[in-house]
Structure formats: structure tokens, C-alpha cells
Amino acid sequence: METLLTLDDAERLAEHATTPEAWSYIVGGAGDERTLRWNREAFSKFRLRYRVLVDVSSVSTETTVLGTPVSMPVLVAPMAFHQIAHEEGELATAKGAAQAGTLMCVSTVATATPADIVAAAPDAPRWLQIYVFQDRGVSDEVIAQALESGFTALVLTADLPVYGIRHREARTGFEAPEDAVPAIVAARERGAEHGGHHSLDVDLLESSLEWDYVSELVERWKVPVLVKGLVTAEDAILACEHGAAGVVVSNHGGRQLDGAIASLEALPEVVEAVGDRAEIYLDGGVRRGSDVVMALALGARAVLVGRPVMHGLALGGATGVAQVLEILREETENALALLGCRSPGEVTAAHVKPA
Ligand code: FNR
Ligand code: LAC
């Protein structure tokens, strides 16, 4: 594959490396795609206050996430169906993330089992994203297998009680590769009916979940639980009260409620409400190292990136994923140095102000 300079390069080139159907699913947002745009635009609503004459001859992007060491404050966001981008699917993503030294959050609706993903890159850190099937046994089996294979945390996605309205997918007629999704195959084997009118067969998923499910997860599985997909202080406080070890400030990459607040704009209120009771993560629209440090300055411990990873995967499998992540790592290192910081831990609220 050709060498990429920026994440935007990867996006531009990846369009030609995928089918129109897969592309519509990957890049699309909900409704008029306002939130999708706002996620990106929000990074122009704050300005970095950099400090000078700091010895930055040695800068490291390394940090920890829930105690796990990673090469940079950038993780791979959970995304469904990696096989639509590359035949090796999640196995390639896992290898690419491992090569870049960072953590992959694996989707419940991955096109590979947790055990196979671990086998592809055994020594890399991993979290499991959870969607709860109406047949709870399906989710429990995925969780049990992931934890046995060495996954270290559960990330409950809370912003998909129903599927967003996604016109791009509808127009191309994208269909999920459901037969290649072990969790969906298991749900069928256990008698679930095919609902079939969305790309993700969300009729299989539970739309009645409430906060007590977070405490249930915490008590049952005895690993840290994060709640992903909240954008308010109110919900962040509830997450803490129900035992969450972390929250991911996210609007699902603009794929769910159109008109929802940009994730970066929601970050300050969550940071203020949570304090040091839980680790705070952010995703949505992160495309530059300068975005990463801005999120850190606003109080995130790390960010997750979604679509750019799919773009890298489509372009070059594991190598493409590693290249995209390495671009972000190098840009983050550069931004840290120019901000006057030697490590992510040195970035503070004083490094940012509203535009
Ligand atoms: C997602 N996202 C997602 N989230 C989740 O919790 N479980 C999932 O299975 C998926 N699937 C999924 C598929 C695709 C193709 C995309 C693009 C996104 C949302 C994802 O985790 C994350 O919140 C956003 O992608 C972040 O925004 P950016 O980085 O794509 O702008
Ligand atoms: C999506 C679901 C699967 O955003 O999370 O497409």
C-alpha cells in the first residue's frame, strides 16, 4: 500500500478500496449528519495554549488506561463487521493495533470470535464492547469467552437502544454480513427470529435496559465496566453511582441521534461531574494529534478512533491499521512537544481555552 501522510488521505483512498455498500455504512451518520459534522467542527471551538522553553528533548506518548500500559492515549473504538473492509477483518485490526502498541475495543457484533481475535495477536490489551441481546445468554457467552481469552474490561454501549436513521445505508442497500457474525449466528441458533430491516439486526437487541444493568455487570463479571455513549453530567454521575470504572463521552460517531451535542463539547461537563471517580474517554471526530491533546486538556484520559481505523483496514489490512495509528501517535508526540509537555500526564486544563 502507498504511504499515508494524514488520516484524511486514508479516508480519501479507502473509498476506492471498499464497495459502495460498505462505504455507506462506514462513513455515514444519522439523519442530516449534523452531529457527524459537529463532532469534527467542535475541535475548532477550543484553542490550545502552548507553553515555550520547556525541555522537550525527550517526549513519550505512553500512558495507561485503567492501569493497562499503551503506547499512546489513542485506542481503537469498537466497530461492527470489520470483514466488510478487509477479508481478515478483526484479526487484521488486532494485529495492526498490537503493532502500534495500543488497545483495541472489540465489538459484540464482530466478524470473529473473541478467542480468534486474541489468537491473532496474543499479547495485546483488549476490551469488549457489549450490546445486550434480548436473549441475555448470547451476550453472556460472548462476555465469558472474551474474559477467558484475556480481555480486561467491558464497555457497555448505552446509546443504541434503537437503531439511528441512516439514509446512506438505506440508499445503497447495505446489509450486514450476519452469517459472519458469531454473536448473531448464536442468537439465531438459540431461536431468535430474523428482524431484518436494519443493517444491524437490532431486533435481536434489548431496548429496555436501564442503569441497574450496569451494576449487574460490575457485580457479575468482576472486571472494570465502562459506559459508552453518554454526553451529559447527569448520566455520567449515574454511571459512577452504578459502579462504572470509566465513561466514554460519545454520540456513536454521529450515527444515532442527529442533532446531538458534539462529543468534545460535552466533555467539560462530564469532566466536572465525574472528577476523579472514573476515567473519562472521548470519541468522535478525532483525526489529528492536535485533536488528541485538546481532548486531554479538556480532561480525557485518552480518545478512541473509529472510522480512520476502518479506512486503514480497507487500504492495507493490519499494515494499514498500524499506519493510521502510527500517524496519530507521531502527530500526538509532535503536539505534546509543541504544547510544552513531555507526556500525556503533563497536559492540563491550562493548555486549552474556548475559541
Ligand atoms: C461504530 N460504532 C460502534 N460503537 C459500538 O459501541 N459498537 C459497535 O459495534 C459500533 N459499530 C460501528 C461501526 C462503524 C462502521 C462505525 C464508524 C462506528 C461507534 C464507534 O465506536 C465510535 O463511537 C465512533 O466511530 C467514533 O467516531 P469516529 O472516530 O468514527 O469519528
Ligand atoms: C453501528 C452499530 C453497529 O453504529 O454500532 O453501526
Side-chain angles (χ1 to χ4, degrees), residues 7-8 10-11 14 18 21-30 33 35-43 74-86 89-90 93 104-112 127-133 139 142 154-166 168-170 174-178 181 183-184 198-202 204-205 226-231 247-257 260 262-264 266 281-288 291-292 295 302-314 324-325 328:
L7 267 52
D8 283 351
E11 174 169 5
T18 53
E21 290 80 11
W23 188 247
S24 70
Y25 175 69
I26 294 168
V27 297
E33 302 190 332
T35 297
L36 175 64
R37 282 193 298 279
W38 294 343
N39 274 350
R40 190 76 205 102
E41 287 167 10
F43 288 92
V74 179
L75 317 176
V76 176
M79 286 178 290
F81 321 139
H82 290 203
Q83 273 183 21
I84 65 172
H86 190 274
E90 286 80 4
T93 313
M104 172 181 179
C105 184
V106 173
S107 171
T108 288
V109 283
T111 41
W127 295 343
L128 177 72
Q129 177 268 328
I130 303 175
Y131 281 135
V132 182
F133 284 80
S139 303
V142 180
L154 303 175
V155 179
L156 177 70
T157 296
D159 59 0
L160 198 135
V162 297
Y163 201 68
I165 293 171
R166 309 201 189 156
R168 284 201 210 221
E169 290 170 30
F174 172 77
E175 279 183 38
E178 293 186 341
V181 180
I184 293 181
H198 298 299
S199 47
L200 171 64
D201 196 351
V202 281
L204 299 177
L205 300 182
L226 297 94
V227 178
K228 171 176 181 280
L230 55 80
V231 294
V247 295
V248 183
V249 178
S250 167
N251 51 39
H252 216 102
R255 299 162 72 82
Q256 287 295 98
L257 178 63
S263 46
L264 193 76
Y281 298 87
L282 169 122
D283 75 22
V286 176
R287 301 293 181 267
R288 288 285 190 180
D291 300 338
V292 176
V303 301
L304 292 77
V305 283
R307 295 178 182 85
V309 172
M310 282 296 226
H311 301 152
L313 180 62
V324 159
L325 292 170
L328 266 182

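As the structure lists them, so they are numbered: ligands from 1, and atoms in each ligand from 1. The first residue in the sequence is number 1, and the count goes up from there. None of these values were measured; they are calculated from a predicted model.
- No option in Val76, Val74, Leu328 other than Val76 meets the side chain to side chain contact (heavy atoms under 4.5 Å, CB included) test with Val309.
- Considering Val303, Asn39, Leu7 in turn, Val303 is the only one that fulfils the side chain to side chain contact (heavy atoms under 4.5 Å, CB included) rule with Val286.
- Of the heavy atoms in His252, only side-chain atoms (C-beta onward) come closer than 4.0 Å to ligand 2.
- Those atoms of ligand 2 that come under 4.0 Å of a heavy atom in Arg255, given as number and element, are 1 (C), 4 (O), 6 (O).
- Judged purely by atom type and a 3.5 angstrom limit, Ser139 uses its side chain to pair as donor or acceptor with the backbone of Phe133.
- Of the heavy atoms in Thr157, none comes closer than 4.0 Å to ligand 2.
- Taking the six-membered ring where tryptophan is involved, the planes of Phe81 and Tyr25 are tilted, since the angle between them lies from 30° to 60°.
- Taking the salt bridge (Lys or Arg N to Asp or Glu O under 4.0 Å) definition, one finds that Arg287 meets it with nothing, sequence neighbours left out.
- Within 4.0 Å of ligand 1, heavy atoms belong to protein residues Tyr25, Ile26, Ala77, Pro78, Met79, Ala80, Ser107, Val109, Gln129, Tyr131, Thr157, Lys228, Ser250, His252, Gly253, Arg255, Asp283, Gly284, Gly285, Arg287, Val305, Gly306, Arg307.
- Annotation for ligand 2: atoms under 4.0 Å from non-hydrogen atoms of Tyr131 are 2 (C), 5 (O).
- Using a 3.5 Å distance cut-off with no hydrogens or angles, the side chains of Ser107 and Gln129 do pair a donor with an acceptor.
- Not a single heavy atom of Phe81 sits less than 4.0 Å from an atom of ligand 2.
- Within the 3.5 Å criterion, the main-chain N or O of Ile26 finds a donor-acceptor partner in the side chain of Arg255.
- Every side chain to side chain contact (heavy atoms under 4.5 Å, CB included) that Glu90 has, sequence neighbours left out, goes to His82, Met104, Ala110, Thr111, Ala112, Ile117.
- At least one heavy atom of Arg166 lies less than 4.0 angstrom from ligand 2.
- Partners of Ala10 by side chain to side chain contact (heavy atoms under 4.5 Å, CB included), not counting sequence neighbours, listed by chain and number: Leu4, His311, Leu315, Val324.
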